[in-house]
Amino acid sequence: MSSELDEAALFRRAAAAADHAIVITEAAIEPPGPVIRFANAAMARLTGYAIEELVGGTPRIVQGPATDRAVLAELKAAMRAGRGYAGETINYRKDGAAYIVDWTINPVHADDGTIDAWVGVLRDVTAERRHRAARDATDARLRAIFSSASVGLSEVDENGRFLRVNQELCRLLGRGSEELLRLSVADVTVPSDLAPSVAAVRQALSTGRTASLDKCYHRPDGATVWANSSITPLGEASEPVRSLLVVTIDLTARKRAETALRASEELFRQFGAASADALWVRNAPDLGLIYASPAFERLYGVSLASGSSDSLRRVAERMLPEDRPRVLDALRRVRDGATVTCEFRLRAGADGAVRWVRDTAFPIHDAEGRLHRIGGISEDATEAKTSSDRLEVLVAELQHRTRNLLGVVRGLSNQLVARSGSLDDFAARFDDRLSALARVNGLLARREEGSRIAFDELVRSELESLGGTDWIAAGKVTLDGPRGIRLRSSTVQTFALALHELATNALKYGALSGRGGRLALRWRLTDGGGLPLLEVEWIERGVALDRARVAIEGGGYGRELIEHALPYQLGARTRFELLDDGVFCEIALPASRGSESARESVPAALEPAAALGSTGQASGED
């Protein structure tokens, strides 16, 4: 008996010390049962009732509106069947506060096997269930995010095998989720990018930090996908890494755009490099040079090797001072949104030569329509300006030449009348001279590239049209120079006009006018610094002084043509002097390449052997 009392006391002490609530009821389960016969202190703390209030009462005291009736029914059915039961429901404390209880109720059998009592162990799992619910909600949100994320997401093990994948990764790699879960990262990676991928995984595993790389994946259809992959170890810091989260961002569109941009930039670079015009782009606020094509340095004579921040100042320094305000005004107008074409002059070459520049500047706007850049195309307009000036000279010369030709025709007519024995003779000879004049004008009009006119042809045409054969035969004209010196097509017309002016003046007033005197025409080919140079001397001597001087000075336009037009248009070197008894004119201008092979003899068509001699030295006085 003492032993049973000791066991009972031990049980009570153990139950009182237990953290879990313990309650023992009588065997009867029908109302008003089951009656509580024992409750420990933990039960009192759980329910808020004193032990004295619990003992003698029923467990129904802690039930309330939210207590799950289905759970109670299952509990009652188990007890009626003599079985134990474990479950969860909501109970209420004495103050009305609800809590979630997890309980286990088991029967206590007597020696004869009958149920003597029921013992229940209860545990407040409210906080635990709330935490689990929150965790489940978080997991659900994460699963939803993982599944619907706009970037590829996957969880892989330390060997790179896929454990989970989302739909975006499936779309990106062109494979279904079931297929991917049978593969590893290595199976979908382009071979050339496999080693960097392995290295990135090792880095993430060894450092515990995210590793990132750009790489290529291959799809089953053969397409290649560019992506950025960020690899992050999963798990607690104190635990070994068992998996990694891989975030995969599709870079294909960006890579294609970058490739297209590089191709566009290369095309623009080639265009700029090939363009003879200078292409440039400046920053609108400060006019700093952002881009300049190779022709920019050639045109403006400004080196960009040391930077472009002060390029505008260096270009402005080379402009002629009177043109600078016009250029700055053009830039201001472009800043106001206008497209402006401006012409100005600058000294760009090492020799300080003045060149014309025609520049078209235009505004460049950003996506919001704001002025962002200023672009420009600059071209060397020197040749165009020279051609324009040359045209003015030629038009004026055409008028002057027409008057001269009428004078030549009149002079020829008078000479032929005096020398002709009959009207028929006059008509034939006059017609020959008119044909010669037509040939001269034909030569002057030949400007096609590759159709070079030799200087001796030009001399032949001009002198034959004026009766030069007779003068050579009479010893009034001597020629000395090589055959076949080819003239540049661009120089023939103006040079022919100069020779015609000299010959016309000689016919009217000088050595060919009948007032006495002789004409010596000499020419030679020299080296003009890498280019063949034709040097011509026109010498008239023995002319009646006063009348010739007045006549020659009266032909002022011809002298202007020689002294100004030839140097300006042809780059020639000229000298014109009135001598005491005649005229001296020297002209040196570039000849066409290939003229170095010209033969040392004069044109056969003008060649009275007695007058010229084998060395080209004319007989008579110079």
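Side-chain atoms are counted along with the backbone in the values below, which use heavy atoms only and exclude waters and symmetry mates. Computed from a predicted structure; not experimentally measured.
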Return the [atom1] to [atom2] distance between [X] and [Y], rounded to the nearest 0.5 Å.
| X | Y | atom1 | atom2 | answer |
| --- | --- | --- | --- | --- |
| Asn228 | Asp214 | CG | CG | 5.0 Å |
| Cys342 | Asp323 | SG | CG | 7.5 Å |
| Leu180 | Arg161 | CG | CZ | 11.0 Å |
| Thr126 | Asp102 | OG1 | CG | 10.5 Å |
| Tyr291 | Arg373 | OH | CZ | 14.5 Å |
| Thr248 | Tyr217 | OG1 | OH | 4.0 Å |

Report the residues that fulfil salt bridge (charged side-chain N to carboxylate O under 4.0 Å, His left out) with [X], sequence neighbours left out, ordered by chain and then residue number.
| X | value |
| --- | --- |
| Glu322 | Arg345 |
| Arg129 | Glu88 |
| Arg182 | none |
| Arg333 | none |

From CA spacing to verdict: side chain to side chain contact (heavy atoms under 4.5 Å, CB included), Leu346, Val357: CA-CA 8 Å; Leu346 54 80; Val357 175; 3.8 Å; yes
Where is the tightest heavy-atom contact between [X] and [Y], given as atom of each residue plus distance?
| X | Y | answer |
| --- | --- | --- |
| Leu371 | Ala284 | CG-CB, 3.8 Å |
| Asn106 | Thr104 | ND2-CG2, 3.4 Å |
| Ile24 | Ala117 | CG2-CB, 4.1 Å |
| Leu299 | Ala278 | CD2-CB, 4.1 Å |
| Ala39 | Val55 | N-CG2, 4.2 Å |
| Asn283 | Asp286 | ND2-OD1, 3.1 Å |

Thr47/Asn91 under side chain to side chain contact (heavy atoms under 4.5 Å, CB included): CA gap, chis, key distance, verdict: CA-CA 8 Å; Thr47 63; Asn91 280 349; over 6 Å; no
So, do [X] and [Y] sit near enough that their side-chain heavy atoms are less than 4.5 Å apart?
| X | Y | value |
| --- | --- | --- |
| Cys216 | Thr189 | no |
| Val71 | Trp103 | yes |
| Tyr92 | Pro65 | yes |
| Leu331 | Leu312 | yes |
| Thr89 | Val101 | yes |
| Leu205 | Leu244 | yes |
| Thr339 | Pro363 | yes |
| Val247 | Leu153 | yes |

Pairs where residues 18-69 contributes a residue and the test ring pair (Phe, Tyr, Trp, His ring centres under 6.0 Å) is met, not counting sequence neighbours: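 Only Phe11-Phe38 qualify under ring pair (Phe, Tyr, Trp, His ring centres under 6.0 Å).
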Do the side chain of [X] and the main chain of [Y] share a donor and acceptor less than 3.5 angstrom apart?
| X | Y | result |
| --- | --- | --- |
| Arg318 | Arg347 | yes |
| Tyr85 | Leu72 | no |
| Ser243 | Asp157 | no |
| Thr58 | Val35 | no |
| Gln63 | Arg60 | no |

Trace of the side chain to side chain contact (heavy atoms under 4.5 Å, CB included) decision for Ile36 with Met43: CA-CA 12 Å; Ile36 299 174; Met43 182 66 178; 5.6 Å; no
Only counting residues at least two apart or in another chain, list the ones meeting side-chain hydrogen bond (donor to acceptor under 3.5 Å, both in side chains) with [X].
| X | value |
| --- | --- |
| Arg93 | Asp124 |
| Ser378 | Trp280, Tyr300, Asp359 |
| Thr232 | Thr210 |
| Thr259 | Arg262 |

Does [X] come within less than 4.0 Å of [Y], counting only side-chain N to carboxylate O?
| X | Y | result |
| --- | --- | --- |
| Arg135 | Glu128 | no |
| Arg171 | Glu168 | yes |
| Glu30 | Lys76 | yes |
| Arg326 | Asp329 | no |
| Asp366 | Arg370 | yes |

Under 3.5 Å, which donor-acceptor pairs link side chains of residues 108-116 to any protein atom two or more places apart or in another chain?
unit_1 : atom_1 : unit_2 : atom_2 : d
Asp112 : OD1    : Thr114 : N      : 3.0
Asp112 : OD1    : Thr114 : OG1    : 2.7

Does atom [atom1] of [X] have more than 12 heavy-atom neighbours, drawn from other residues, nucleotides or ligands, at distances under 6.0 Å?
| X | atom1 | result |
| --- | --- | --- |
| Glu317 | CD | yes |
| His365 | NE2 | yes |
| Arg209 | CZ | no |
| Arg219 | CZ | yes |
| Arg256 | CZ | no |

Of all pairs that satisfy side-chain hydrogen bond (donor to acceptor under 3.5 Å, both in side chains), the ones with a partner from residues 267-278, not counting sequence neighbours: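 side-chain hydrogen bond (donor to acceptor under 3.5 Å, both in side chains) check on residues 267-278 returns Glu266-Arg269, Glu266-Gln270.
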Any residue meeting side chain to side chain contact (heavy atoms under 4.5 Å, CB included) with Arg202, in chain and number order, not counting sequence neighbours: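 With neighbours one apart ignored, the set is Val198.
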Working for side chain to side chain contact (heavy atoms under 4.5 Å, CB included), residues Val165 and Leu173: CA-CA 11 Å; Val165 295; Leu173 300 183; over 6 Å; no
Ser197 and Lys215 side chains, donor-acceptor separation under 3.5 Å: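 Short answer, yes.
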